[in-house]
Trainee: 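Here it is, the structure, as structure tokens.
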Amino acid sequence: MRESFEVRDTDAGGRIGELTVPRAGTTVETPALLPVINPNLDTISPRRLADEFGAEILITNSYIIHGDDTLRERALEEGLHDLLDFPGAIMTDSGSFQLSEYGEIDVTTAEILAFQREIGSDIATPVDIPTPPDVSRERAAADLETTQDRLEVAEAADTGEMLVSAPVQGSTYPDLRERAGRHADGTDLDVFPVGAVVPLMNDYRYDDMIDVVAAAKRGLGADAPVHLFGAGHPMMFALAVAMGCDLFDSAAYALYARDDRYLTVRGTRALDDLEYLPCSCAVCTAHSPDELRALPDAERESELAAHNLHVTFAEIRRIKQAIRTGDLLELVEQRARAHPTMLDGYRTLLDHAAQLERSDPVSKGSFFYTSHESARRPEVVRHHQRLERLSVPDSLLLTEGTAPRSDEFDDSWRVEPPFGPFPRALSKSYPLTAEVPARTDRAALEAAADGVASLVATNPETTVTLAHEGWPAAVLERVPDAVALVDLTAN
Ligand SMILES: [Zn+2]
């Protein structure tokens, strides 16, 4: 077990965890948001982030501080916590972003790590190579080798109690991301940022983002805290948490405010386009859109940044509650409806249902079938796996609804979309207690038919009869030929 991170609760790939930050003498509950503080200009002061927004941790850039004579001297003299006036944990970035933007920087990993330690950073970052998406495989592999060398430098460095992050790179090559995850997990470093995903999110490539995270997670151990580096839009937090991300950093709250953009969990709105403010935070209850627009620039920026942060922190709390309640995927389904590319992200998440199934609790409060994607959830995958282990009699009736038992068969099991067949004794156990719409859909029927096929495949000697309520021919094609069919709606 990694000493600094403990998972308390899980739902799908999402988890509530505790990150112990020894140098700050504090623990941070995850999923957590790290507001990004630019040491040269704070739209919202770090003290206010702690007091008003409950921020337990923030992130700032040690490379910017290192490169500015005044800031550097002050940071070395006063320490980062006094410089920023922030009581919580402080993570620092290393200049990797500047490296990716400008092609070179003037510090080495050893130098910037020593500097981060000197100024009192609680979680430091080595200088990794953020390889963008879609580069050649050769370049991605060569960059990754450099990043891995830097992680080894970081591992060898004298960093005391300071936690050190181990970025996972590999561009858009899942096998490289997985290998990078495995290598990072093998170091004694502490926090694992999945790097260089910002270009994917800027292009709304949530499907590729999920594939990248899923690959990194396969390499990383289940006890590794994962930071989705540069991801700050609340719209996609639930999706990313469900794939197993624990930490997010938001520069978005300030950058968007500067452009008069207003964040919501359903996307970004231009302040100019708003006639109403769909939010009840202190900013939005105190102002009308016209009043916000009429404020002087600096004040408007600060008010918008405050709203953006309120929305962002509220979504993190909503996600934590959803993990506790066990309805994180229901929340992801709602968020997925905000934008077609988010729906692509959710559908991609479900491509990894077997991977998510490993951390998904066996029992939760509720399973609400709220979209046809629900038919591909990890709970359905698990039920189909379980069918392979259930013992079956020589002849078995599988029947929908309340069809009476018959002496013709040794036993009669229920069939419910999307799960398929199960013994009646399991009717009251999760997830078979699911709430499903009365008007079922094709995906649920197909999943149920696949369940029948799965049962038959592992029990070829059993004679199976399926009594269904008018399943379409194309769905019944998924049921093996050996199964006798009875259409209950035929009379
Ligand atoms: Zn608001």
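Each ligand, and each atom within it, is numbered from 1 in the order the structure gives.
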Trainee: Mind checking whether Asp93 and Val36 have side chains closer than 4.5 Å, heavy atoms only?
Mentor: no
Trainee: Can you see whether Ser121 engages Thr92 through a side-chain donor-acceptor pair at a distance of less than 3.5 angstrom?
Mentor: yes
Trainee: Is any protein N, O or S atom closer than 2.8 Å to the Zn ion (ligand 1), and if so, which?
Mentor: Cys279 SG, Cys281 SG, Cys284 SG, His307 ND1
Trainee: Knowing that exactly one of Arg324, Lys364, Lys320 qualifies, which makes a salt bridge (charged side-chain N to carboxylate O under 4.0 Å, His left out) with Asp9?
Mentor: Arg324
Trainee: With the threshold set at 4.0 Å, does a side-chain nitrogen-carboxylate oxygen contact exist between Asp290 and Arg293?
Mentor: yes
Trainee: Indicate whether the side chain of His81 and that of Asp122 have a donor and an acceptor atom separated by less than 3.5 Å.
Mentor: yes
Trainee: Taking atom types as modelled, is there a side-chain donor on Tyr204 or Asp344 under 3.5 Å from an acceptor on the other?
Mentor: no
